[in-house]
There are 2 protein chains.
Amino acid sequence: MRGQFVSASDPEVSALMSLRFALLALLSVDAMTGYDLHKRFDSSVGHVWYAPDSQIYPELRKMEADGVVAAEEVPWGPKGTKREYHITEAGRDALRAWMNATLPYARFRDAMHLKSAYFEWASPDAARAQLRAHIAHYEGELAQWEEQIHQIDTATSPMLNRRLAVTPEKDRARTAAFKRYAYEGLVLRAEQEITWARDGLKLIDDLEEGD
Amino acid sequence: MRGQFVSASDPEVSALMSLRFALLALLSVDAMTGYDLHKRFDSSVGHVWYAPDSQIYPELRKMEADGVVAAEEVPWGPKGTKREYHITEAGRDALRAWMNATLPYARFRDAMHLKSAYFEWASPDAARAQLRAHIAHYEGELAQWEEQIHQIDTATSPMLNRRLAVTPEKDRARTAAFKRYAYEGLVLRAEQEITWARDGLKLIDDLEEGD
DNA sequence: ACCCAACACCTACATTCATAGGTATTCAAC
DNA sequence: GTTGAATACCTATGAATGTAGGTGTTGGGT
């Protein structure tokens with residue numbers, strides 16, 4: 001019964017199916033092909049929401065059937081064409097409804113914290129390697145987020161600039177502020193995970209000394 | 001090709017399928033029925049790893065077929081019986097192999113941060129409601145984690161005490177320390193999310209004043 | 001003796017996600 | 001003019017997840 005069709009008037013249901021809303025958010029800025037969307041999901045935005053193209057293309061078709069996006073066959077070279085999707089008024093309504101609804105909180109699945117709770121099963125070196133991988137992972141994320149914030153602050157962010165170009169002047173400060181705010185949260189999280197993992201390395205050292 | 005069967009000798013593959021290892025971790029302490037495991041997943045551990053019983057029962061059967069757990073028909077009342085699962089030596093090997101392998105980092109899907117980046121689509125009140133829900137959610141988590149840590153520190157944690165009872169004396173300090181360490185990480189994360197959400201509420205207030 | 005919550009276990013179904021392939025065109029470089 | 005990377009789009013399959021139901025037993029309270 002649920003999830004078949006998401007109407008803008010059903011905020012309870014519209015909190016689900018975030019792939020659709022991630023796509024709508026990206027399309028709210030720019031018309032794009034499925035390939036373009038996939039590339040976005042593979043780079044910057046991909047660290048907040050990721051989807052493989054095998055999920056994107058079918059979802060776009062469904063969204064088209066539901067009327068939240070419309071496709072246009074655009075010539076591509078001499079012979080080819082490509083399908084460029086743009087958001088419709090119904091799509092804007094659906095996005096607005098999703099934004100105005102409160103997200104349900106799904107229960108976590110956090111393999112790393114599960115693992116760390118049972119680290120006595122690992123060799124000290126394996127535990128260290130896991131923690132170092134954790135640090136390396138979040139240091140990579142951190143560098144990206146900080147670069148994004150830098151680009152926002154220096155008005156050199158291609159994504160934000162595209163968005164601001166289609167934003168009425170009076171809302172531009174808000175738009176930029178929210179975008180920065182989202183990245184700040186990701187920076188804080190990455191820093192926190194790095195701190196925690198470093199503490200873990202210290203803990204393992206201390207426990208080994210104690211033997 | 002992957003994920004069909006997890007052998008202890010294949011560390012690359014064994015990093016996947018964490019439900020299996022969450023179950024093995026719990027069963028490494030105590031023999032339990034599927035119902036018991038489900039209850040654990042619904043309460044304390046459930047905030048690190050959750051699974052509905054409809055996933056647990058079939059997985060236990062598969063694990064039994066793979067030899068990582070063994071079931072025992074235990075009498076239950078006058079007529080009934082129940083299946084109590086205990087970990088096997090092969091299961092301990094598989095758990096150890098998983099613990100010694102490095103987890104691959106899956107790409108995020110973080111609806112809240114995606115949403116916050118596009119908060120200009122929401123009404124200020126809807127954005128505030130979302131942030132308050134975020135705070136309420138993590139305050140609930142925080143209270144639970146802090147209670148767990150308190151129980152560890154006062155040696156009144158039923159879970160940890162069961163675990164220490166099956167742990168050789170020289171490893172007890174390690175076991176307790178790692179368990180505490182895992183919860184500390186969760187506390188830090190919850191605090192960080194609350195801080196971020198509070199900053200968001202302030203940001204929305206500031207932007208509204210600016211109008 | 002009966003009721004009911006808790007215990008125990010299970011199936012079915014749809015959706016979502018991950019992985020692995022496939023085809024064909026374009027465009028720039030060699 | 002051929003090669004190859006990038007663009008563009010797609011299908012198939014299996015695994016994981018979420019949701020919704022189902023059956024029956026037990027054990028404590030009234």
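Computed over heavy atoms, backbone and side chain alike; hydrogens, waters and symmetry mates excluded. Just so we're on the same page: letters track the sequence lines, and every chain starts at 1.
- At whole-Å resolution of the value, CG in D53(B) and P in dG21(D) are 14 Å apart.
- The two residues H86(B) and A31(B) make their nearest non-hydrogen contact at CB-CB, 3.9 Å.
- Regarding contacts with the backbone of dT7(D), a side-chain N or O of K39(A) is found under 4.0 angstrom from either OP1 or OP2.
- Every ring pair (Phe, Tyr, Trp, His ring centres under 6.0 Å) that F119(A) has, sequence neighbours left out, goes to F178(B).
- Of the possible donor and acceptor atoms, none in the side chain of R189(A) sits under 3.5 Å from a partner among the backbone N and O of Q192(B).
- Distances shown here put a side-chain N or O of Q55(B) below 4.0 Å from the OP1 or OP2 atom of dT17(D).
- Neither OP1 nor OP2 of dC9(D) sits under 4.0 Å from any side-chain N or O of Y35(A).
- Two residues, K62(B) and P52(B), neighbour DNA chain D, and the one matched to the more 5' nucleotide by heavy-atom proximity is K62(B).
- Proximity of a side-chain donor or acceptor of R96(B) to a complementary backbone N or O of A122(A) within less than 3.5 Å is not detected.
- Separation of atoms CG (L95(B)) and CD1 (I87(B)) is listed at 5.5 Å; rounding is to 0.5 Å.
- dA8(D) atom C1' lies 16 Å from atom CZ of R40(A), rounded to whole Å.
- For S54(A) against dT19(C), a side-chain N or O and a base N or O form a donor-acceptor pair under 3.5 Å.
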Where protein sits on nucleotides 23-30 of chain D, one letter per nucleotide: B base, S sugar-phosphate only, - none, heavy atoms under 4.0 Å: -BBSS---
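- Of all heavy-atom pairs between F41(B) and A22(B), the closest is CZ-CB, 3.7 Å.
- Along DNA chain C, the nucleotide nearest T33(B) and the nucleotide nearest A51(A) are compared for position; the residue whose nucleotide lies closer to the 5' end is T33(B).
- Between the P atom of dC7(C) and the OH atom of Y57(B) lies a distance of 11 Å, rounded to the nearest Å.
- Below the 3.5 angstrom threshold, one finds no donor paired with an acceptor across the side chain of D36(B) and the base of dC7(C).
- No donor-acceptor pair closer than 3.5 Å links the side chain of T81(B) to the backbone N or O of V74(B).
- As a whole-Å value, the separation of H38(A) NE2 from dT7(D) C1' is 12 Å.
- Between the CE atom of M32(A) and the C1' atom of dT7(D) there is a distance of 15 Å, given to the nearest Å.
- Phosphate proximity of dT16(C) to R20(A): absent, as no side-chain N or O sits under 4.0 Å from OP1 or OP2.
- Atom CG of L60(A) and atom C1' of dC10(D) are 12 Å apart (whole Å).
- Remark: P of dA24(C) and CZ of R83(A) are 19 Å apart, rounded to the nearest angstrom.
- In this structure, E72(B) atom CD and dA8(C) atom C1' are separated by 16 Å, rounded to whole Å.
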